[in-house]
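Quick note: numbers below take in every heavy atom, side chains included, and nothing from hydrogens, waters or symmetry partners. Counting starts at 1 for both ligands and their atoms, in listed order.
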Amino acid sequence: MKNLAEIITEDMRTVAVAGHVNPDGDCVGSCTAVWQYLRKLRHFDRVDLYLEEPRESLLFLKGMNSFLQTVRDPIAYDLFICLDVSDYRRIGVAAELFDRARVRVAIDHHVSNSGFADINHVVPDASSCAEVLCSLMDFDLIDEPIAESLYTGIIHDSGVFQYQNTTPDTMRAAARLMEKGIPFYSIIDDSFNRVTFLQNRILGYCLGKAKSELGGKCITSALSLQEQREQGVVKADLDGIVAQLRLTKGTEAAIFAYETEPGLYKLSLRSNGLLDVQEICSIFGGGGHLRAAGCLIRADAEEAVGMVLGEIRKRLSCI
Ligand SMILES: [Mn+2]
């Protein structure tokens, strides 16, 4: 695919745009950008945006005042576009609409993308889905609100151009978006850097109970549902913890595990480059990227972390 417009045929009247479960900044930025762009591209009877409620700091994006969290009207859309979705099982609220839609398109940047749609445009080298979208949109049609959405997506997945996935193309895409006059400084501060008091406190709590494993090569921390209740935090408050663990000197990988339902742990992994955490997570049915990946394991915290540590130990001994 060279341009978003080429997937749209004249007879298409209805479009659904959807992201993944637990939507992050790239997902929300990409979805709101495409939702706005389609409405500028030409007239449709309906362009609907399906998303789970994201964290509050992303609600400033245009389109976030009219997104749908549930399927109220299960019509067969002419076109269904999912963004930043690596796997069919990660299509959030709108999965049943994907099944019914006439033409299904996936635009993504996950190495692990399974190619589940009719048309799959996956660029694993791109920092973010938003960066992929920049190359699929006509520059003249990108207005300031669309540029804000795309820029938000890029900075969230590239850690404000700090992660390894940042390339000269990422910087060029971001520079083009800056030309649209976006308030890039406040987007970075308000949507990416800003944390609540509770987020700072839970970060401190999890750092306090972190463990150094495999001779310091791996730092782990875990949080049970009971602790989440006691600390008064929700899933969205736990962003950034694994990133901080990864910065520990001498470490190759960081694992942060939190219980999502009784007996089920979500593990987030980060690598400093030597280990492919996407490959490790795929053993447990998860996925993601080389340096950032995740998986779900049904076990208690110690067991779940232990299973992943076992895989890391095997690989480190071979390096
Ligand atoms: Mn992404």
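A heavy-atom distance below 4.5 Å is not found between the side chains of Y50 and I91.
Among the backbone and side-chain atoms of D26, an N, O or S atom lies under 2.8 Å from the Mn ion (ligand 1). Taking 2.8 Å as the criterion, D108 does not count as a coordinating residue of the Mn ion (ligand 1), since none of its N, O or S atoms falls below it. Not one N/O/S atom of H110, from backbone or side chain, sits under 2.8 Å from the Mn ion (ligand 1).
D84 and H20 share a side-chain donor-acceptor pair at under 3.5 Å. Remark: the T32 side chain and the S149 side chain contain an N/O donor-acceptor pair separated by less than 3.5 Å.
A salt bridge is absent between R90 and D108: the closest approach of a Lys/Arg side-chain nitrogen to an acidic carboxylate oxygen does not fall below 4.0 angstrom. We find that K62 and D143 are not joined by a salt bridge, their nearest charged nitrogen and carboxylate oxygen being 4.0 Å or further apart.
The atom of D157 nearest to the Mn ion (ligand 1) is OD2, with the search restricted to N, O or S atoms. As for D84, its N/O/S atom nearest the Mn ion (ligand 1) is the one called OD1.
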